[in-house]
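Below is one structure, written out as structure tokens; the observations come after it.
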Amino acid sequence: MVDVRSPGFGELLCEPGIVLGSGEDAWDSLCRGVDDLPGSHPLREVCRRVERVGGNPEPMPLASNVDVLNLRRGEESPGVVLWLSAQAEGRPFSKAAWVVWGLPRPSLNLFLLPVLSSVTDAIMATDTVDDIREILISKALINKTIDIDVRVEKVVTPLTYRIYPDTPLREVQQLLVRRDLPVVPVVGANHEMLGVITVSDILPHMLPSTDTLGTQARRPITARDVMTRAVLCVSEDELLVEAGRSMIARGVSRLPVVRDAELVGFLERETVMRAFADTTLPPRRPRTG
């Protein structure tokens, strides 16, 4: 298998990039018609491999009449083909499916599906295969980068707010409340990661104290006094799957992301969930009026 870390969409689109079929079932159509493709077309072997393994690939909705048919990973290089049903009376193409193989789930969900979604409406609105082919070879589409080995740096939530160890706790409290933040990082002079402060860390210091003696003599509480220092961080060049496993092992909803010990942002649980989800984009509602 060829290791292509970040190919352009044009490198994934196999020739011919459009396969014409019949009926409403892309997989059934491919099984019956794949031998009509040129002998060197990778989709021939991909379909045969899926047949040998058994089980029909389940189409996933991308739009009201367009699916994604994910043939999963094998020994083949990754690829994409657009399957179109036979023309139906009243509209050029009644059904279509993007046929995808060789891509890990994060790459499919986070990078390829948004690209496919962005051109699906335009493709289904055209009248001829030649018009669709022009769209598929447009520079705006073929140059879109598809990351295969998805790393944390590609999905990190950039750092928006940070505080320093000597920041008064009252300022930290106001920042969390005003910006509705679940956590805020504490960094050093060179933005190195020192710890984090959550609402749970601050709450005990917000409640009225039963000990009022000597209150005036106490020094102001700062971020240094309440921050959690033992914080698991993840490098921005770590594979997303490994970072996700670290999240599960530690039972955390977000991980600080560092570059050469400097904090650059957070990896969020929702991002990891979206990357590994079995479902794709929800079906669009048919246009009315």
Side-chain angles (χ1 to χ4, degrees), residues 1-20 26 30 34 37-47 49-50 57 59-63 66-84 93 96-126 128-158 236-241 243 259 271-272 274-277 280-281:
M1 178 176 177
V2 179
D3 181 19
V4 185
R5 288 281 299 278
S6 299
F9 178 79
E11 297 175 64
L12 295 180
L13 189 67
C14 297
E15 285 296 333
I18 300 174
V19 176
L20 296 177
L30 289 173
V34 71
L37 292 173
S40 60
H41 199 290
L43 187 55
R44 289 168 58 104
E45 180 54 34
V46 173
C47 288
R49 183 252 304 164
V50 176
M60 299 176 290
L62 185 64
V66 181
D67 293 331
V68 174
L69 191 66
N70 185 8
L71 303 184
R72 305 296 180 184
R73 306 194 76 171
E75 296 301 319
E76 313 88 358
S77 297
V80 177
V81 162
L82 176 64
W83 172 85
L84 293 170
F93 306 103
W98 293 99
V99 185
V100 181
W101 65 90
L103 291 171
R105 206 177 303 165
S107 178
L108 178 67
N109 287 356
L110 298 177
F111 295 97
L112 182 59
L113 285 180
V115 171
L116 300 183
S117 179
S118 68
V119 298
T120 289
D121 286 344
I123 284 174
M124 295 306 291
T126 56
T128 68
V129 173
D130 288 338
D131 290 337
I132 294 178
R133 191 170 285 113
E134 287 298 316
I135 295 175
L136 294 182
I137 64 174
S138 65
K139 289 184 178 180
L141 182 58
I142 64 176
N143 291 333
K144 292 280 189 180
T145 299
I146 312 297
D147 285 331
I148 292 182
D149 291 324
V150 182
R151 298 183 183 271
V152 171
E153 65 176 333
K154 295 297 184 178
V155 295
V156 62
T157 300
E236 67 173 358
D237 62 359
E238 186 167 341
L239 287 172
L240 186 60
V241 62
R259 178 196 307 136
T271 301
V272 179
R274 185 168 66 253
F276 289 93
T280 63
L281 303 178

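Since we're looking at a predicted model, the values are computed, not measured.
- Residues R73 and L103 approach most closely at CG-O, 3.9 Å, considering heavy atoms.
- Taking all atoms of both residues into account, the shortest heavy-atom contact from S77 to W101 is O-NE1, 3.1 Å.
- In this structure, F111 and V150 have side chains that are in contact, with non-hydrogen atoms separated by less than 4.5 Å.
- Between L110 and P114 the shortest heavy-atom distance is O-CG, 3.6 Å.
- Residues V156 and E236 are not in side-chain contact: their nearest non-hydrogen atoms beyond the backbone lie 4.5 Å or more apart.
- Summarising the geometry of V68 relative to L113, their closest heavy-atom pair is CG2-CD2, 3.6 Å, with the distance given to 0.1 Å.
- Annotation: side chain of P16 is in contact with side chain of L37 (closest heavy-atom distance under 4.5 Å).
- Summarising the geometry of R49 relative to G74, their closest heavy-atom pair is NH2-N, 3.7 Å, with the distance given to 0.1 Å.
- Looking at heavy atoms from C-beta onward, V50 lies in side-chain contact with P57 at the 4.5 angstrom threshold.
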Stepwise, does the side-chain hydrogen bond (donor to acceptor under 3.5 Å, both in side chains) test hold for D147 with S6?
-> CA-CA 4 Å; D147 285 331; S6 299; 2.5 Å; yes
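- The shortest heavy-atom contact between A277 and N109 is O-ND2, 2.8 Å.
- Proximity of L62 to S117: side-chain heavy atoms (C-beta onward) are separated by under 4.5 Å at one or more points.
- A heavy-atom distance below 4.5 Å is found between the side chains of L136 and L13.
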